[in-house]
Amino acid sequence: AQESRGLGDVYKRQENNTGGANLFLDFLEDDIIKFVEEKYPNLNKNRGLLGHSFGGLFGFYVLQNRPELFQDLLLISASLSWNSSELVKTENLSKLKESKKRIKLYHSYGEKEIKATKNSNKNLNKIITELELENLSYKFDPIKNTNHHSVLSRAIYDGLLFLYKK
C-alpha cells in the first residue's frame, strides 16, 4: 500500500486525513536536508527530487512554494488532477517566476495513463511553456507505450540524462 497522507490536498487539512504537504516540506528542509548538509559538508549543493504519482504532485507543490529548495527535479506521472487540479494554475507559479535560482525540470508521464493524468500534465506543461521562464531549463517528455507504472524505468533514465549529462 502507498502512503498518501501529506501528499494530497496540499493547502488544507481535510477530514479524510490527507494534506500536510507543507509540514512534510518543513520536515525535509529543517530536518533531513539540514542533517545531511551538516553530516556531509563537502556534498554538491545542488539538490534533486524525484517524484512519481503523488510524489510528482508533491514535487510540483515544492516547485510552486519553495523553488529554491531543489535545483533538479524529475517528476513523473504527477497526480495533478487531484482535488480538481488545484496545482494546475498559472498563479501558483509566481514564486518560481520570481526565483533567482537556476532550476532544471524533467516532466513526464506514460501516454497510456488515465485521461485525467494525461490532461492535467499536458495542461501544466502548457502553462509552464507559455511562461517562458529564463531560470527554468524544462523538458516535457510523454513516454509512448507506457502506463502509470511502466513509465518509471524509461522516464527515470531519460530524466537523469536530461538533468546530469554533461
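Worth knowing before you read on, the calculation uses all heavy atoms, side chains too, and leaves out hydrogens, waters and symmetry mates.
- Both I32 and L63 are members of a single hydrophobic cluster when ILVMFWY side chains are connected at heavy-atom separations under 4.5 Å.
- Side-chain atoms of S150 never come within 3.5 Å of backbone atoms of T146 as a donor-acceptor pair (strictly under, hydrogens ignored).
- The shortest distance between side-chain heavy atoms of I103 and P67 falls below 4.5 Å.
- Under the 3.5 Å distance criterion, the side-chain polar atoms of D72 are left unmatched by any main-chain donor or acceptor of L163.
- Both L73 and I33 are part of a single hydrophobic cluster, where members link through side-chain heavy atoms under 4.5 Å apart.
- With contacts defined as side-chain heavy-atom distances shorter than 4.5 Å, the pair F60/L80 qualifies.
- One distance of note links CZ of R154 with CG of D141; it measures 8.5 Å at 0.5 Å rounding.
- For K165, the NZ atom is loosely surrounded, since the number of other residues' heavy atoms within 6.0 Å does not exceed 12.
- Taking hydrophobic clusters as Ile, Leu, Val, Met, Phe, Trp and Tyr residues chained together by side-chain heavy-atom distances below 4.5 Å, L49 shares a cluster with Y109.
- Residues I143 and D158 have side chains in contact (heavy-atom distance under 4.5 Å, counting atoms from C-beta outward).
- When side chains are defined from C-beta on, N65 does not count as touching N22, because their heavy atoms never get closer than 4.5 Å.
- Across L131 and K97, no two heavy atoms sit closer than the pair CD2-CD, 3.9 Å.
- With rounding to the nearest 0.5 Å, the separation of CD in E130 from CD1 in I127 is 7.5 Å.
- Hydrophobic clustering of Ile, Leu, Val, Met, Phe, Trp and Tyr side chains at less than 4.5 Å, counting indirect connections, keeps F140 apart from L50.
- Ring orientation note: the planes of H52 and H149 are tilted relative to one another, at an angle of 30° to 60°.
- Note that the CD1 atom of I76 and the NE2 atom of H148 stand 10.0 Å from one another [nearest 0.5 Å].
- Residue-environment remark: NZ (K112) stays at or below the threshold of 12 foreign heavy atoms within 6.0 Å.
- Summarising the local packing, CD of E134 is surrounded by 12 or fewer heavy atoms from other residues, nucleotides or ligands at distances under 6.0 Å.
- A donor-acceptor pair is defined here as one N or O able to donate and one able to accept, closer than 3.5 Å; such a pair exists between the side chain of R47 and the backbone of L69.
- Under a cut-off of 6.0 angstrom, the local environment of NZ in K89 is crowded, with over 12 non-hydrogen atoms contributed by other residues, nucleotides or ligands.
- The side-chain heavy atoms of L28 and V62, taken from C-beta on, include no pair separated by under 4.5 Å.
- A donor-acceptor pair is defined here as one N or O able to donate and one able to accept, closer than 3.5 Å; such a pair exists between the side chain of N135 and the backbone of L96.
- In this structure, L161 is not a member of the same hydrophobic cluster as L136, with clusters built from ILVMFWY side-chain heavy atoms closer than 4.5 Å.
- Atom CG of D30 is separated from atom CG of L25 by 8.5 Å, given to the nearest 0.5 angstrom.
- Listed by chain and number, the residues in a salt bridge (charged side-chain N to carboxylate O under 4.0 Å, His left out) with E98 amount to none (sequence neighbours excluded).
- Relative orientation of the Y138 and H107 rings is tilted, given thresholds of 30° and 60° on the angle between their planes.
- Considering OG of S108 and CG of L152, their distance stands at 9.5 Å, rounded to 0.5 Å.
- R66 has its side chain out of reach of F70: every pair of non-hydrogen atoms, C-beta onward, lies at least 4.5 Å apart.
- Side-chain atoms of S77 and S53 include no donor-acceptor pair closer than 3.5 Å.
- Judged by distance alone, the side chain of N125 and the main-chain N or O of N121 form no donor-acceptor pair under 3.5 Å.
- In terms of heavy atoms, F162 sits closest to S137 at CZ-OG, 3.6 Å.
- The structure places OG1 of T117 at 14.0 Å from CH2 of W82, a figure rounded to the nearest 0.5 Å.
- With contacts defined as side-chain heavy-atom distances shorter than 4.5 Å, the pair N46/Y164 does not qualify.
- A donor-acceptor pair is defined here as one N or O able to donate and one able to accept, closer than 3.5 Å; such a pair exists between the side chain of Q71 and the backbone of E68.
- Of all non-hydrogen atoms in L87 and Q64, the two that sit nearest each other are O-NE2, 2.9 Å.
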